[in-house]
Amino acid sequence: MNIKDLPEDENYFTPGHTACAGCAAPIIVRNMMKIFGKDTIVYTPANCLLVFGGTYPYLSWKVPYLHEAFENTGSCIAGVSRAYKKKGKKVTVVGFAGDGGTYDIGIQALSGAAERNEDAIYVCYDNEAYMNTGIQRSGSTPYGASTTTTPAGKKIPGKLEHKKDMAEIMRAHQIPYVATMSIAHPKDFLEKTKKAKETEGFRYLHVLSPCPTGWRADPAKTVELARKAVDCGMWTLYEAEYGEITNIYKPKKKIPVEEYIRGQGRFRHFTPEMVEELQRWVDEKWERLYGEKP
Amino acid sequence: MKMEVKFYSGNVAAAEGAIAAGCRFFAGYPITPSSEIAEYMSRRLPQVGGIFVQMEDELASMAAILGASWGGLKTMTATSGPGFSLMQENIGLGAMTETPCVVVNVQRAGPSTGMPTLVGQGDVMQSRWGSHGDYELIALSPSSPQECFDLTIRAFNLAEEYRVPTMLLMDESTAHMYEKVVVPPADKIKVVERKRPRVAPEKYLPFKPARNMVPPMACAGEGYRVHVTGLTHDERGYPQTTDPEVQEKLVRRLCDKIRKNERKMRDMEILHMDDAELALISFGISARSSKAAVNRARKKGYKVALIRLKTIWPFPEEYFEKIADDIKNFLVVEINYGQLKYEVERNVGKGRVHHLPKFGGAVHTPEEIYAKIKEVYNGN
């Protein structure tokens, strides 16, 4: 499947929203929605997507759209999916949550829905901080990043902890389908979306969503950032079915993490030691996933 | 040390007030319009040797400040509507275990997600009885950044003195308003510390009250036996979950230590009460518009008073009982559809308590309050 195969005029998430320049979230949502199609019901908790795509008069949704509390995307999609199943109607039920709503406050509801194998799709668009409330750190924020609650100073150099591996947590649930995705790999992105739509049971899609506002980066470089994240190993692309990795992408040439973080204001204060620490984390992750040293 | 004059927002003033009161532990979670408190604390607390933790949600934030309080620190969290709702179970745990801590609720318009960036005062009742069961808390409401500073200190002092979670009921307008804040030198700020046990460890009963009905508090590691539980417990702290007498004795004391000490917690600004026929009752940002309206009405010859509550809970029942006969009409001005109004009615009787609600998203203008004063005054 390629981007050309998508229906050009069929938008269920339409233009005219108020996302920041360079925001990856509408790219993710618009293209996914073209595949999910019109018989889709969407839930979102509090996140940027709610604000830039779900407030009148800038509403972008052409499908039934429901907004819920921050912590319960997993439960809400479970409820709506069971109701339609009871009525004998085949619909695609999708929850679009950010990283805060997934890694932190929403993990309990998400884990419960996965464990019960609810027939729904959960999408985490991961911009690596609470961007909607003003760039506070989340469990997804990478090591060292400066946010408004982990401000880099002389004594505390930004966030002290590494990014939590959420996709691996979901893989451990042994659900029918887990995929990690990138907007810099559109073919892979669309194929995974299609596969998610065609699979039954609980499906978890996780997309890195570069946020030029929060990452303090050039809004023209969103796709480039997404690509570099994959090329350096900070973000990895794979599919897993029932806990087993069935398909994994390996960058042809692994770039140093420094090439990825350069140009992002959130990492501007990095010392060589901090770069080294981040590189160590990436290399360990690489070894875990590919079963060999980088 | 010298007095300092600062230019603070209400949120920053509350954070600075907390630090001045001795707060050294803050656990929070991002939520508009209170996030600036967490952001400020993340920078400021490490500078004074304190701890800032961003938690995974508000349940965790509230639970963490209870834990840190039992670790011997003065603790605070800050949130707004939805987060305040998530905190309720643990606020009840704090009331039951008599854990000193301060919860800042920067009110926005609700219910549910409501208007995240705009003002509301709809959490008056929730800040009293949002958790299940019988208990009483303390809630203070500032009207300016200066009071955000002052009342946060007072909230800590009351929390420590009465061993109770204390609510600072702010609102979005006061939180984001920048004004002059006078910060007294540290040695001029009254800071209360929790009472420690004076008896020998073997004689210590962790929930045996002192004369003010509050038990002295020992933390783990100080040589005293510590057994703290959300179950109904006796003076030894041991669960007694089948004995209604133990339940009665405990709940009576949890409520009465607040109710019967109301006078010591009372704090209000009273204006033009002497010959007043109509009294306005308000708090927080609404009280500022009310004050302007009352002053204007006074100039026009209306005999109007203002009662601005700085302590909302416990409600000053005794005071209202006292003035009930002298005042003909009452007018409650608040940004909700009638919450404090019910409490005033309960104390002075129905029929003469008028109400000027706003539903959130905007502050009353002095003009609309003035118009309502005229209407009530002239009996229209």
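From a predicted model like this one, the values you see are computed outputs, not experimental measurements. Each chain gets a letter, A, B and so on, in the order the sequences are listed, and its residues count up from 1. Just the heavy atoms: all of them, side chains too, but no hydrogens, waters or symmetry mates, feed the values below.
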_Contact between A:L278 and A:M234 at the side-chain level, heavy atoms closer than 4.5 Å - yes or no?_
yes
*asked:* Taking side chain as everything from C-beta outward and backbone as N, CA, C, O, which of these in B:P46 sits under 4.5 Å from a heavy atom of chain A? Side chain, backbone, both or neither.
replied: side chain
_Just verifying a value: how many Å separate A:R137 CZ and A:T149 OG1, rounded to the nearest 0.5 Å?_
7.0 Å
_Per-residue contact mode, B:L59 against chain A (heavy atom under 4.5 angstrom)_ = neither
*Charged N to carboxylate O under 4.0 angstrom, A:R280 versus A:E284?*
yes
*Contacting moiety of B:Y40, where chain A heavy atoms sit under 4.5 Å*: neither
_I'd like to know which of A:I156, A:I105, A:T147 tops the heavy-atom pair count under 4.5 Å against chain B._
A:I105
*Given that the side chain runs from C-beta out, which part of A:I107 has a heavy atom under 4.5 Å from chain B: side chain, backbone, both or neither?*
neither
_For A:Y103, which atoms come within 4.5 Å of any heavy atom of chain B: side chain, backbone, both, or neither?_
neither
_A:D99-A:T102 side chain donor-acceptor pair, cut-off 3.5 Å_ = no
*Output yes when B:E16 and B:R44 qualify as a salt bridge under the 4.0 Å nitrogen-oxygen rule, no when they do not.*
yes
*Applying the side chain to side chain contact (heavy atoms under 4.5 Å, CB included) test to B:L169, which of B:V104, B:V106, B:L151, B:I312 qualifies?*
B:I312
*So what's closer than 4.5 Å to chain A heavy atoms on B:S112: side chain, backbone, both or neither?*
neither
